Amino acid sequence: MATKKSSEKKSVQSADLPINKTYKLFINGAFPRTESGRYFQLDDADGNFMANICLSSRKDFRNSVVAARSAQQSWQDRAAFNKSQIVYRIAEMLDQKRDLFVNEMIQMGYSKSASDKEFTAAVDLVVYYAGWCDKYMQVFSNVNPVASSHFNFSVPEPTGIVATMASEKTALTGIIQAIIPPICGGNTVVVLSAEKYPATAISFAEVLATSDVPAGVVNILTGKRAELYSHFASHMDVNAVVIWDAEKADAKNVGALAADSVKRTHFYESKTPVVGNPDLIMNLQETKTTWHPIQNISGSKSGY
Amino acid sequence: MELKLRHKPIDQVGIEERCARFKTRSIKTDAKMQGLKMALSMIDLTTLEGKDTAGKVRQMCYKAMHLHDELPGLPTVAAVCVYPEMVASARKYLGSSGVKIASVATAFPSGQTNLDIKLADTKQAIDAGADEIDMVISRGKFLQGDYNFVFDEISSIKEACGNKRLKVILETGELGDLENVALASRLAIDAGADFIKTSTGKIQPAATMEVTLVMLEVIRDYYFETGKMVGMKPAGGISNSKLALHYLIMLKETLGDAWLTNEWFRFGASSLANDLLKQLVKQTTGVYQSGNYFALD
């Protein structure tokens with residue numbers, strides 16, 4: 001073979017040698033392949049092969065729940081301000097990757113302007129929820145008026161492990177809306193990405209992996225809703241199920257299965273454009289009320 | 001008398017590869033149910049903490065007898081394992097349930113005291129009603145090469161045990177390498193051990209598959225030489241069902257069916273029981289379980 005002159009040498013990243021990304025799952029801070037070994041083909045908007053995507057099984061879901069459970073307490077125990085810093089860090093990391101996400105969205109059929117808009121909205125959404133991390137408790141907790149000599153507080157506490165399925169309507173804001181509000185509230189999350197947009201979901205996992213989010217706090221699966229509904233709803237260690245844009249019949253089945261372990265269930269209809277909403281944090285909080293005895297005051301003539 | 005210590009040289013790479021293969025085995029459906037129940041029946045439910053109280057022991061004894069009453073057809077665990085001070089409490093609460101009482105003795109976990117105190121410790125446990133004694137060897141003496149000392153100590157404790165079964169804890173995490181594990185195993189067996197046990201659970205690493213395989217092979221070689229069976233107890237660090245099933249596969253394929261009973265094989269564990277129960281309920285109902293629905297102790 002003739003030797004090329006050095007001036008003719010091409011870099012390894014030339015168009016002759018494309019290096020395709022393998023889209024894998026995101027479980028416990030790592031990127032494993034599906035335990036089932038199954039995959040489905042993701043085509044771009046023109047019908048060309050884009051990637052093979054993991055078709056998650058109930059075992060992948062189970063592994064995710066184990067990871068989420070072991071991460072939950074320490075995530076809950078982190079100071080609210082620290083959670084806020086970490087969520088803001090997600091926005092910082094995301095913002096650096098505009099080209100990656102915009103290109104992926106264009107491949108999936110977004111126009112250039114629509115993908116730009118979706119990306120900007122996604123970053124804004126993360127920043128919006130980062131702000132709520134250390135505020136929702138102050139805004140939504142309460143000192144209740146009671147007749148006896150007690151302070152009576154009601155404070156929100158995280159529900160626990162949230163199993164959620166992201167909206168199919170948007171490539172990025174949908175999955176952010178499924179992940180960020182629960183973790184702001186101290187929950188840990190197992191999320192199934194939109195069937196239509198698994199690539200952006202896994203790229204978002206790469207953002208999470210570099211954002212100081214502890215392993216197991218967010219676990220991202222790709223695959224088919226129909227296969228995983230019953231497992232999401234029946235796993236006894238899941239505390240809440242949140243399904244975006246569920247069919248009525250599916251919602252009914254999920255509700256029935258979830259009743260066994262008294263899970264919280266929420267079925268949301270997504271709207272575009274996606275906007276922030278603190279209810280998404282508060283719907284995954286339990287209210288703890290504490291009675292704290294105090295000395296008699298006012299009329300009884302004694303002080304604190 | 002000069003001790004004759006015999007064992008085959010250890011092929012460490014071979015041992016590791018063999019263990020790696022055990023870990024690839026997949027046990028499903030009926031065989032899994034059978035395996036999970038067998039593992040459950042082999043557990044020495046253990047509490048060995050400075051903070052143990054009679055109340056804690058009572059809770060654990062209740063758990064030993066009523067693993068998960070909602071699921072019928074479960075065995076009990078093999079034994080509870082406690083400090084000598086707690087044996088009387090355990091005896092009181094276990095009554096005639098058939099669950100045995102194992103007591104650690106001989107200045108567990110370090111073994112750093114003299115023989116008289118070790119003998120007194122053992123006697124206290126037996127007088128209080130222990131069925132089995134888990135002794136620790138003097139690892140310092142063993143590592144110094146004073147094998148006669150270790151041998152004589154084990155023999156003395158065995159004598160003190162009378163007809164009670166003696167488990168000898170090698171504390172393999174302190175022995176350095178697999179050659180020493182094999183040597184200590186053979187030493188303990190020759191000195192009269194009814195069981196050999198990997199670890200106290202206080203030192204890392206505790207039980208590993210590699211160490212357990214070496215010990216099982218020593219038991220196998222001894223059986224071929226003498227026709228006598230010796231029991232095996234890996235302890236510490238075995239906390240999930242899959243790993244427990246892999247240990248059982250290793251046991252079956254190294255020693256055979258005769259050892260697949262709690263008379264000859266035990267798991268020293270505390271959190272393993274709940275994981276086995278979770279898996280058993282999952283196999284029965286098809287639904288993955290949560291720790292919230294199982295008694296902690």
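The shown structure was predicted, so the numbers you read here are calculated from the model rather than taken from an experiment. As a basis for the values below, the full set of heavy atoms in this structure was taken, side chains included, without hydrogen atoms, waters or symmetry mates.
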Review point. Are side-chain heavy atoms of B/Met86 and B/Lys56 found at a separation under 4.5 Å?
Key: no

**Study point:** A/Glu195 vs A/Met165 side-chain heavy atoms within contact, under 4.5 Å
**Key:** no

Practice item. May I ask you to name which of A/Asp237, A/Leu257, A/Asp260 has the most heavy-atom pairs under 4.5 Å with chain B? Key: A/Asp237

**Study point:** For chain A, which residues of residues 257-277 of chain B have heavy atoms nearer than 4.5 angstrom
**Key:** none

Exercise for review: Please state whether the rings of A/Phe31 and A/Phe26 are parallel, tilted or perpendicular, taking 30° and 60° as the class boundaries.
Suggested key: tilted

Point to revise | Close side-chain approach of A/Phe267 and A/Asp245, heavy atoms under 4.5 Å | key: no

Exercise for review: Check whether any side-chain heavy atom of B/Thr76 lies under 4.5 Å from a side-chain heavy atom of B/Ser97, and answer yes or no.
Suggested key: no

Check your understanding: Is the shortest heavy-atom distance from the side chain of A/Ile220 to the side chain of A/Leu208 under 4.5 Å?
Key -> yes

Check your understanding: Does NZ or CZ of B/Lys278 lie under 6.0 Å from the centre of the six-membered ring of B/Phe294, at an angle within 45° of the ring axis?
Key -> no

Point to revise | Segment of A/Ser230 engaging chain B (4.5 angstrom heavy-atom cut-off) | key: neither

